[in-house]
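Just so it is clear, the values below take in all heavy atoms, side chains as well, and ignore hydrogens, waters and symmetry mates.
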Amino acid sequence: EKLDFFDELPEYDTALYVHKKSKTDEAGSLEMLRAMLPVFEGISDWCDENILAAMTGMAEKCECKNAKVMWPVRIAAAGKAVTPGGAVEICRILGKNETLRRMRVGIEKLEKSLGYMADRIIVVDDEREIADLIGLYLENDGYEVHKFLNGADALSFVEKCEPALAVLDVMLPDIDG
């Protein structure tokens with residue numbers, strides 16, 4: 001039962017991110033997971049030493065104790081407060097891709113719990129490849145992206161759902177951007 005999280009991330013409550021001894025709460029855990037995601041993505045040799053160095057490096061950069069970094073990573077990776085190993089070992093055993101996936105799940109859970117809503121951005125360009133590329137970059141930064149290949153469809157969407165931002169091609173075939 002203590003090892004079942006290796007096979008599948010269990011459903012868990014975001015209250016697990018709150019840990020008095022580690023001085024973590026949901027908002028701080030969200031911030032730390034967001035900060036650690038690109039750091040972990042940059043690790044090419046996924047081993048204990050590099051995982052530990054990434055987390056302790058983040059703690060040093062943030063001028064906080066290691067536990068403030070490791071607790072949110074551990075909860076995101078395991079979905080449990082009590083595990084047979086710490087954050088480093090869990091991440092190594094899960095592997096880089098699964099650790100990153102679980103961290104993204106944790107970020108989504110915390111955003112939902114805290115009432116965060118990703119900013120909605122529309123991308124309007126009659127060249128699909130350009131719209132897709134811009135959309136990909138925005139989605140990777142956490143934005144909710146809606147792509148349109150013409151102005152009429154974009155205007156129809158805007159009437160129903162107000163976006164935070166519109167990225168427009170100024171020379172659309174049907175309507176000027």
Side-chain angles (χ1 to χ4, degrees), residues 1-121 123 132-145 147 164-165 167:
E1 184 178 316
K2 286 188 178 187
L3 298 174
D4 60 348
F5 67 90
F6 283 117
D7 296 324
E8 184 178 346
L9 181 65
E11 270 303 314
Y12 65 92
D13 191 288
T14 56
L16 287 178
Y17 287 101
V18 178
H19 192 260
K20 191 174 183 179
K21 186 175 179 186
S22 299
K23 297 184 180 172
T24 61
D25 58 17
E26 288 186 12
S29 294
L30 174 59
E31 183 180 329
M32 199 55 69
L33 288 175
R34 284 177 172 167
M36 282 305 304
L37 196 62
V39 174
F40 274 1
E41 287 171 337
I43 296 175
S44 56
D45 182 14
W46 192 254
C47 64
D48 284 357
E49 295 79 21
N50 293 339
I51 297 166
L52 177 62
M55 288 195 278
T56 56
M58 180 60 69
E60 187 176 316
K61 179 181 173 186
C62 295
E63 298 179 350
C64 66
K65 297 201 182 257
N66 292 343
K68 198 157 187 165
V69 177
M70 293 183 179
W71 185 258
V73 170
R74 177 184 182 166
I75 297 302
K80 293 182 169 202
V82 179
T83 58
V88 173
E89 297 82 10
I90 292 167
C91 290
R92 179 186 36 83
I93 292 167
L94 287 173
K96 180 177 177 178
N97 291 337
E98 182 62 13
T99 298
L100 295 173
R101 185 190 75 77
R102 291 182 181 203
M103 286 175 67
R104 288 184 185 100
V105 168
I107 289 168
E108 288 176 22
K109 282 179 168 288
L110 286 164
E111 286 175 341
K112 187 175 181 181
S113 174
L114 293 167
Y116 285 48
M117 180 71 174
D119 287 329
R120 182 178 297 130
I121 298 177
V123 176
D132 286 344
L133 182 62
I134 293 168
L136 179 65
Y137 277 101
L138 293 168
E139 287 167 349
N140 284 342
D141 281 342
Y143 295 101
E144 176 186 329
V145 178
K147 296 173 275 189
L165 178 71
V167 179

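- Interatomic distance, Leu30 CG to Leu114 CG, rounded to the nearest 0.5 Å: 6.0 Å.
- Taking all atoms of both residues into account, the shortest heavy-atom contact from Met32 to Cys62 is CE-SG, 4.2 Å.
- Listed here is the closest heavy atom pair of Leu33 and Gly106: CD1-C, 4.2 Å.
- Side-chain contact between Thr24 and Val18: absent, with no pair of heavy atoms (C-beta onward) separated by less than 4.5 Å.
- For Glu31 and Lys68, the salt-bridge test fails: no basic side-chain N is under 4.0 Å from an acidic carboxylate O.
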Using distance only, find each side-chain donor-acceptor pair of residues 39-46 under 3.5 Å and give its atom names and separation, not counting sequence neighbours.
from: Glu41; atom 1: OE2; to: Arg104; atom 2: NH2; distance (Å): 2.6
from: Trp46; atom 1: NE1; to: Cys91; atom 2: O; distance (Å): 2.9

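- Taking all atoms of both residues into account, the shortest heavy-atom contact from Val69 to Cys64 is CG2-SG, 4.2 Å.
- What you find for Leu16 and Gly79 is that their closest heavy atoms are CD1-O, 3.6 Å.
- Residues Asn66 and Met55 fail the side-chain proximity criterion, which asks for heavy atoms closer than 4.5 Å.
- Counting all heavy atoms, side chain and backbone alike, Glu26 lies closest to Ala15 at OE2-N, 3.7 Å.
- A salt bridge does not link Glu108 to Lys112: none of the charged nitrogens lies less than 4.0 Å from a carboxylate oxygen.
- Distance alone, capped at 3.5 Å, places no donor-acceptor pair between the Arg74 side chain and the Ala87 backbone.
- Rounding to the nearest 0.5 Å gives a distance of 10.0 Å between CG of Leu94 and CG of Asp7.
- Counting only residues at least two apart or on different chains, the ring-ring contact (aromatic ring centres under 6.0 Å, His included) pairs with a member in residues 50-74 are His19-Trp71.
- A heavy-atom distance below 4.5 Å is found between the side chains of Asp4 and Lys80.
- Between Met103 atom CE and Leu37 atom CG the span is 5.0 Å, to the nearest 0.5 Å.
- Separating the CG atom in Leu110 from the OG atom in Ser29 is a distance of 6.0 Å, to the nearest 0.5 Å.
- Checked against salt bridge (Lys or Arg N to Asp or Glu O under 4.0 Å), Asp25 has no partners two or more places apart in sequence or in another chain.
- The CZ atom of Phe6 sits 7.5 Å away from atom OG1 of Thr83, with the distance rounded to the nearest 0.5 Å.
- Going from atom CG of Asp141 over to atom CG of Asp119 covers 11.5 Å, rounded to the nearest 0.5 Å.
- The pair Glu98-Arg101 meets the salt-bridge criterion, since a charged nitrogen lies less than 4.0 angstrom from a carboxylate oxygen.
- The shortest non-hydrogen separation linking Pro38 to Ala35 is CD-O, 3.4 Å.
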Exercise. When you look at Leu52 and Met70, which way does the side chain to side chain contact (heavy atoms under 4.5 Å, CB included) test go after all the steps?
Worked result: CA-CA 9 Å; Leu52 177 62; Met70 293 183 179; 3.4 Å; yes

For this session: Apply side chain to side chain donor-acceptor pair (under 3.5 Å) to the pair Tyr17 and Tyr12, showing each step before the final yes or no.
Result: CA-CA 10 Å; Tyr17 287 101; Tyr12 65 92; 2.7 Å; yes

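- At a threshold of 4.5 Å between non-hydrogen side-chain atoms, the residues Glu139 and Ile121 do not count as touching.
- Using a 4.5 Å cut-off on side-chain heavy atoms (C-beta onward), Pro72 and Met36 make no contact.
- Salt bridge present: Lys109 and Glu11 bring a charged side-chain N and a carboxylate O closer than 4.0 Å.
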